[in-house]
Amino acid sequence: MSTSPSVLVVLGRDETSAAVLRSVKSFTGAGLLSVRGRIVAGEPVIDEEMFTNAWFDERAGLLLDLLTAWREQGIVFELRESLADADAAALELEMLRDMIEAAQQDEELC
């Protein structure tokens, strides 16, 4: 069981356009019907473990790019940070960006 926190992304329940569904599918690999069902149910469409090799290699940058594009397009979403044994806490995009940048700087120093 992982002890790393995860970023959860919950889209607004009306955010079911084909473009949004495709972008989630592209990021997660989940099927379109599954993605749409999660949106309508108010469930996270993205659950990405942070601070792993994949996170540092590319996933963090891809997630930031996706979320930044959604914000610019006016797509409604909510970010949460979650640990396996705790309730998810609200997270702002700027806070996530700062966390990623700080972790990347620490990684470069090692």
Side-chain angles (χ1 to χ4, degrees):
M1 183 161 116
S2 174
T3 58
S4 293
S6 292
V7 174
L8 306 177
V9 180
V10 179
L11 284 160
R13 293 182 184 214
D14 295 329
E15 300 294 352
T16 57
S17 71
V20 170
L21 296 177
R22 281 192 308 271
S23 62
V24 174
K25 179 184 187 308
S26 176
F27 186 83
T28 64
L32 294 175
L33 289 177
S34 172
V35 171
R36 186 180 186 291
R38 295 183 75 71
I39 293 170
V40 172
E43 297 173 353
V45 294
I46 295 173
D47 182 348
E48 187 70 27
E49 185 177 1
M50 297 190 293
F51 312 123
T52 63
N53 288 337
W55 176 259
F56 289 114
D57 288 345
E58 69 174 345
R59 302 294 288 174
L62 292 172
L63 182 59
L64 278 179
D65 290 347
L66 176 63
L67 297 175
T68 300
W70 282 354
R71 176 189 275 172
E72 290 169 357
Q73 296 166 18
I75 294 170
V76 176
F77 63 89
E78 176 184 322
L79 293 175
R80 300 177 189 159
E81 180 182 11
S82 176
L83 287 170
D85 59 351
D87 291 334
L91 182 64
E92 296 295 323
L93 183 56
E94 289 74 23
M95 290 171 54
L96 177 62
R97 186 182 322 277
D98 291 345
M99 288 170 50
I100 291 169
E101 289 174 357
Q104 287 173 335
Q105 288 173 355
D106 287 347
E107 187 76 9
E108 291 171 2
L109 294 175
C110 293

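Residue numbers count from 1 along this sequence.
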* **Donor-acceptor under 3.5 Å (Thr68 side chain, Leu64 main chain)** => yes

* Any cation-pi pair here, Arg22 with Phe27, using under 6.0 Å and within 45°? -> no

* Neighbour count >12 (heavy atoms, 6.0 Å) for atom CZ, Arg38 -> yes

* **pair Leu11-Val24: side-chain heavy atoms closer than 4.5 Å** => yes

* Asked: Is Leu62 linked to Trp70 within one hydrophobic cluster, defined over Ile, Leu, Val, Met, Phe, Trp and Tyr using a side-chain heavy-atom separation of less than 4.5 Å?
  -> yes

* With hydrophobic residues grouped by side-chain heavy-atom distances under 4.5 Å, do Val9 and Ile75 end up in a single group? -> yes

* Less than 4.5 Å apart, any side-chain heavy atom of Pro44 and any of Val10? -> yes

* Asked: Does a side-chain heavy-atom distance below 4.5 Å link Trp55 with Ser4?
  -> no

* Hey, mind stepping through Leu79 and Leu67 against side-chain contact (heavy atoms from CB on, under 4.5 Å) and telling me if it holds? -> CA-CA 9 Å; Leu79 293 175; Leu67 297 175; 3.6 Å; yes

* Structure fact -> CE of Met99 to CZ of Phe51, rounded to nearest 0.5 Å, is 4.0 Å

* Pairwise side-chain contact, Thr16 with Val20, heavy-atom cut-off 4.5 Å (strictly under) -> no

* To do: Taking the side chain as every heavy atom from C-beta outward, state whether Leu8 and Glu48 have any atom pair closer than 4.5 Å.
  => no

* **CG (Asp14) with more than 12 external heavy atoms under 6.0 Å** => no

* Ion pair present between Glu78 and Arg80, side-chain N to carboxylate O less than 4.0 angstrom? -> yes

* Asked: Can you tell if the side chain of Asp47 reaches within under 4.5 Å of the side chain of Val7, non-hydrogen atoms only?
  -> no

* Find out whether Arg36 and Ile39 are in side-chain contact, i.e. whether some heavy atom of one side chain is under 4.5 Å from a heavy atom of the other. => no

* Asked: So, Glu94 and Arg71, do they make that salt bridge, N to O below 4.0 Å?
  -> yes

* Asked: Going by heavy atoms in the side chains, are Met50 and Arg59 under 4.5 Å from each other?
  -> no

